[in-house]
Every structure is written in structure tokens, then in C-alpha cells.
Amino acid sequence: MSKLGIEQLERRYILQILLFLYDREKAIYSEIVNNIPGSEPTKHKALRQLVDMQLLKEERKHPRRYLTLTPKGKKIAEKLKEIQKILET
């Protein structure tokens with residue numbers, strides 16, 4: 001895996017997916033895809049990238065695929081939540 005840089009977080013849907021998973025222990029793959037508006041193929045690509053960046057962990061329990069934040073992914077999501085709160089005030 002290449003070194004993770006902030007520019008990788010700028011890719012489409014990356015931030016939305018991290019924030020979506022922040023308040024959940026785990027989510028079904030299709031739940032994430034269906035609850036974030038936009039291009040389905042691009043969301044699939046973003047989910048794969050997050051797994052590759054080790055920010056999400058994928059667990060397969062046939063027929064479902066579950067995703068959870070890794071400890072690193074959770075730390076990043078926490079910071080994003082802080083930024084979101086600042087912007088909303």
C-alpha cells in the first residue's frame with residue numbers, strides 16, 4: 001500500500017462514507033451505497049479505495065458484506081465530525 005496522503009481524502013464520496021459510518025458500529029455495503037446520493041459505480045470505487053487505504057475493514061458473511069471503520073478511519077472520521085460542527089455554527 002502506498003503512503004496515505006490528504007489528497008486521497010479529496011476523492012469523491014470518501015468523506016461522506018467516513019461520516020456515514022462514524023455513528024454506526026457497522027453497515028451493510030448496499031446500505032452505504034443506497035444512502036449516499038450520487039453515482040453508484042463511483043461510490044463502489046470509493047469504498048474499495050477506503051478498504052485499500054486501511055480506513056475501512058470489510059467482513060463478508062454470505063450473502064452480505066459489512067464495513068466498519070478501522071481505528072485509523074475512526075480517528076479521521078472524528079476529526080471530520082469536529083470540522084462539520086465548526087462549519088455548522
Side-chain angles (χ1 to χ4, degrees):
M1 185 187 95
S2 61
K3 189 173 181 178
L4 178 62
I6 194 137
E7 62 279 350
Q8 291 172 296
L9 297 177
E10 296 174 333
R11 296 177 182 158
R12 290 188 78 174
Y13 305 115
I14 297 287
L15 300 178
Q16 294 96 322
I17 292 168
L18 290 171
L19 288 169
F20 182 83
L21 282 168
Y22 179 72
D23 293 325
R24 294 162 174 80
E25 186 174 326
K26 67 168 67 172
I28 299 168
Y29 194 95
S30 60
E31 178 185 14
I32 296 167
V33 172
N34 294 333
N35 282 288
I36 295 174
S39 163
E40 199 167 308
T42 307
K43 288 183 279 188
H44 287 291
K45 184 177 178 182
L47 286 164
R48 175 61 28 221
Q49 290 170 337
L50 284 164
V51 171
D52 291 346
M53 289 187 277
Q54 298 178 349
L55 299 180
L56 294 185
K57 178 183 168 193
E58 184 177 37
E59 180 184 352
R60 293 176 184 257
K61 289 186 179 177
H62 188 70
R64 296 204 164 125
R65 295 184 335 189
Y66 294 93
L67 292 159
T68 57
L69 291 170
T70 63
K72 186 189 292 188
K74 188 166 180 113
K75 284 181 187 178
I76 291 171
E78 286 171 353
K79 297 298 180 190
L80 290 172
K81 223 29 166 172
E82 289 176 26
I83 291 167
Q84 189 176 45
K85 284 180 185 176
I86 291 168
L87 292 171
E88 289 173 353
T89 59

Q | Backbone N/O of Tyr22 and side chain of Lys81: donor-acceptor pair under 3.5 Å | A | no

Q: Supply the atom-to-atom distance Ser30 OG to Lys43 NZ, rounded to the nearest 0.5 angstrom.
A: 11.0 Å

Q: Determine the minimum heavy-atom distance between Lys57 and Thr70, stating which atoms define it.
A: N-CG2, 3.9 Å

Q: Verify the cluster assignment for Leu47 and Leu19: are they in a single hydrophobic cluster under the rule of side-chain heavy atoms below 4.5 Å apart?
A: yes

**Q.** Minimum heavy-atom distance Arg11-Gln49, with the two atoms named
**A.** CD-OE1, 3.5 Å

Q. Of the non-hydrogen atoms in Ala77 and Leu18, which two are nearest, and what is the gap between them?
A. CB-O, 3.8 Å

Q) Side chains of Leu9 and Leu80: does their closest heavy-atom pair fall under 4.5 Å? A) no

Q.
Which heavy atom of Gln8 sits nearest to which heavy atom of Ile14, and what is that distance?
A. O-CG1, 3.9 Å

Q.
Testing the basics here: between Glu25 and Thr68, what is the closest heavy-atom pair and its distance to 0.1 Å?
A. O-CG2, 3.1 Å

Q. Shortest non-hydrogen contact from Ala46 to Tyr13?
A. CB-CB, 4.1 Å

Q) Side chains of Leu56 and Ile17: closer than 4.5 Å at any heavy-atom pair? A) yes

Q) What do you reckon, is CD1 of Ile6 surrounded by more than 12 foreign heavy atoms closer than 6.0 Å? A) no

Q) Is there a path from Ile36 to Tyr66 through hydrophobic residues (I, L, V, M, F, W, Y) whose side chains come within less than 4.5 Å of each other? A) no

(Q) Measuring only between side-chain heavy atoms, which start at C-beta, is Leu69 closer than 4.5 Å to Ile76? (A) no

Q. Take atom CZ in Arg24; do more than 12 heavy atoms of anything else shown fall under 6.0 Å from it?
A. yes

(Q) Working to the nearest 0.5 angstrom, can you tell me the gap between Leu21 CG and Lys74 NZ? (A) 10.5 Å

Q: Inspect the contact between Lys61 and Glu59 and indicate whether a charged nitrogen and a carboxylate oxygen are less than 4.0 angstrom apart.
A: yes

Q. Charged N to carboxylate O below 4.0 Å: is that the case for Glu31 and Lys26?
A. no

